[in-house]
**Student:** 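Have a look at the structure that comes next, please.
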Protein chains: 2
Amino acid sequence: MNVASHTKKPGTTRIQREKRQRILASALDVFSTHGFRGSTIDQIADAAGMSKPNLLYYFSSKEDIHRTLIEWQMEKWLSPLKALNENGDPLKEVCGYIRRKLEMARDFPKESRLFANEILQGAPRIREMLTGELNRLVEEKAAVIQNWIDREELNPCDARHLLFAIWATTQHYADFDVQVRIVLHLEEGDQSHFEEAARFLENLFCKGLKRR
Amino acid sequence: MNVASHTKKPGTTRIQREKRQRILASALDVFSTHGFRGSTIDQIADAAGMSKPNLLYYFSSKEDIHRTLIEWQMEKWLSPLKALNENGDPLKEVCGYIRRKLEMARDFPKESRLFANEILQGAPRIREMLTGELNRLVEEKAAVIQNWIDREELNPCDARHLLFAIWATTQHYADFDVQVRIVLHLEEGDQSHFEEAARFLENLFCKGLKRR
DNA sequence: ATAATAATTTATCAAATGGTCAAATTTTCC
DNA sequence: GGAAAATTTGACCATTTGATAAATTATTAT
């Protein structure tokens, strides 16, 4: 009997675990470059080197693959903000957060584009995640930042808009990679601009946040 | 004989001009929320209140609609940067640019998402526009900014990364609107946060750029 | 009014797409 | 080695989708 289609996660067997991983890796490739609707099961199956029915033996539908993928990536996605430590030095903490986000954009651009595609198109499949997990985390960390401001360790500013600005500027290097490379006249593999970006952003946000 | 399918632009007739406009307006709705591959001619035709074959009487293909739409929006898209005046006061000019971009994000979010979708997915249909028109404009305006820096009227920073940061932070409010509204607990139509955003960004970039 | 032209509809196609199923093959376990 | 379970395949199906052709209905110019 078809085990995989009953139990969504398990992967009891070695083969099941391996194949599911291979499929998710290919799905990340495909979904991140074409969005959900623009991606086909055939594309994912091809990329994973297996037939469509075979792929559908491991995941019950296109939605199933997408959902599993998003859940699988969610922790990595939120981890940089989770690491923001209220007991650390405010400026250092914010700079550290920016650095981590920028490293994510450099090392995991597909993951960034996966979420970008989804949110850009109205987040129909991850709404609950935004109103739930993300919202709680932002609530918590915005309070931390507000606390720093109240204690006069940071220049007054809206904590949530600060988070938006950090997300936007860092993710930009992953989500709009094509444009960035064209404007900076960079080759495909070149990642030298991430150091310039880190310097620029650290400078920008530090000047904006440091009390004098 | 079918006029519209021969001459791409004209719209000699009143009806032709009006219908083509209606189609482009609907296409903006659809393409901006689903991306090119995720959108169907049927969706656009429905939104425009006409049958698919009728729509294809005015545009020869899905690509044709998309290309025309992009070309039609390109000037609006680039105009805020074009207005950056090298003879103005540097800080005022940059702040003005940020304000204009933010107003665009507020008043034309669909247009923003249209381009965001396209670039996010590798810009397969607007590559030439990026390597051509956009690149030239950025080249010109980056030189203007570099000039201000050389004359010590602005704090030293990488002009291109400054442009990225301005694009990212302002467009974020259009492209990731869903997320922004969830995090800020806003209703669908509410636009009050744009004033907060303007204050925050002006403060951030001014502090980052002003010489002391 | 009427002929010519423009606009619209209906019917239709071929390809693509998400998904199913039974049979065949391979792997696992005793 | 062989039974049972797991995996893979190929053939199939119903819809969707981009697109066309032909027939029909407005419009417009004379």
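Lettering follows sequence order; numbering is per chain, from 1.
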**Student:** When you measure from the centre of the six-membered ring of B:F36, is the NZ or CZ of B:R125 under 6.0 Å away and within 45° of the axis?
**Tutor:** yes
**Student:** Distance check needed: C:dG18 P versus A:H66 NE2, whole Å only.
**Tutor:** 13 Å
**Student:** Considering residues at least two apart in sequence or located in another chain, which fulfil the salt bridge (Lys or Arg N to Asp or Glu O under 4.0 Å) criterion with A:D177?
**Tutor:** A:R181
**Student:** Listed by chain and number, what are the ring pair (Phe, Tyr, Trp, His ring centres under 6.0 Å) partners of B:F108, not counting sequence neighbours?
**Tutor:** none
**Student:** For the helix from C:dA1-D:dT30 to C:dC30-D:dG1, what is the angle between the axes at its two ends, each from 5 pairs, rounded to 10°?
**Tutor:** 20°
**Student:** Check the distance between C:dT9's P and B:D46's CG and give it to me in whole angstrom.
**Tutor:** 12 Å
**Student:** Sequence neighbours excluded and cut-off under 3.5 Å, please list the side-chain donor-acceptor pairs for residues 126-134 of chain B, or say none.
**Tutor:**
unit_1, atom_1, unit_2, atom_2, d
B:T131, OG1, B:R127, O, 3.2
B:T131, OG1, B:E128, O, 3.2

**Student:** Give the rounded distance in Å between these two atoms: CE of A:M50 and C1' of C:dT26.
**Tutor:** 15 Å
**Student:** Whole angstroms only, please: what is the CG-P distance between A:L55 and D:dG10?
**Tutor:** 16 Å
**Student:** For a quick test of reading the model: is some side-chain N or O of B:S51 closer than 4.0 Å to OP1 or OP2 of C:dT9?
**Tutor:** yes
**Student:** Within the structure, does a side-chain N or O atom of B:Y57 lie under 4.0 Å from either OP1 or OP2 of C:dA7?
**Tutor:** yes
**Student:** Counting just side-chain N and O atoms, does A:N54 come under 4.0 Å of either OP1 or OP2 of D:dT7?
**Tutor:** no
**Student:** For residues 73-81 of chain B, which side-chain donor-acceptor pairs fall under 3.5 Å, sequence neighbours excluded?
**Tutor:**
unit_1, atom_1, unit_2, atom_2, d
B:K76, NZ, B:E111, OE2, 3.1
B:S79, OG, B:K76, O, 2.8

**Student:** For the pair made of CZ in B:F59 and P in C:dT8, what is the distance, rounded to whole Å?
**Tutor:** 13 Å
**Student:** Can you sort out the partners of A:D42 under salt bridge (Lys or Arg N to Asp or Glu O under 4.0 Å), two or more places apart, ordered by chain and number?
**Tutor:** A:K52
**Student:** Only counting residues at least two apart or in another chain, list the ones meeting ring pair (Phe, Tyr, Trp, His ring centres under 6.0 Å) with A:H193.
**Tutor:** none
**Student:** In this structure, which one of A:I70, A:L55, A:L56 forms a side chain to side chain contact (heavy atoms under 4.5 Å, CB included) with A:I65?
**Tutor:** A:L55
**Student:** Going 5' to 3' through nucleotides 18-29 of chain D, assign each nucleotide B (protein heavy atom under 4.0 Å from a base atom), S (under 4.0 Å only from sugar-phosphate atoms) or - (no protein heavy atom that close).
**Tutor:** BBB---------
**Student:** Salt bridge (Lys or Arg N to Asp or Glu O under 4.0 Å) with A:E18: which residues, sequence neighbours excluded?
**Tutor:** A:R14
**Student:** Rounding to a whole Å, what distance do you find between B:R17:CZ and C:dA6:C1'?
**Tutor:** 14 Å
**Student:** Determine: side-chain N/O of A:Q16 to OP1/OP2 of D:dA6, distance under 4.0 Å, yes or no.
**Tutor:** no
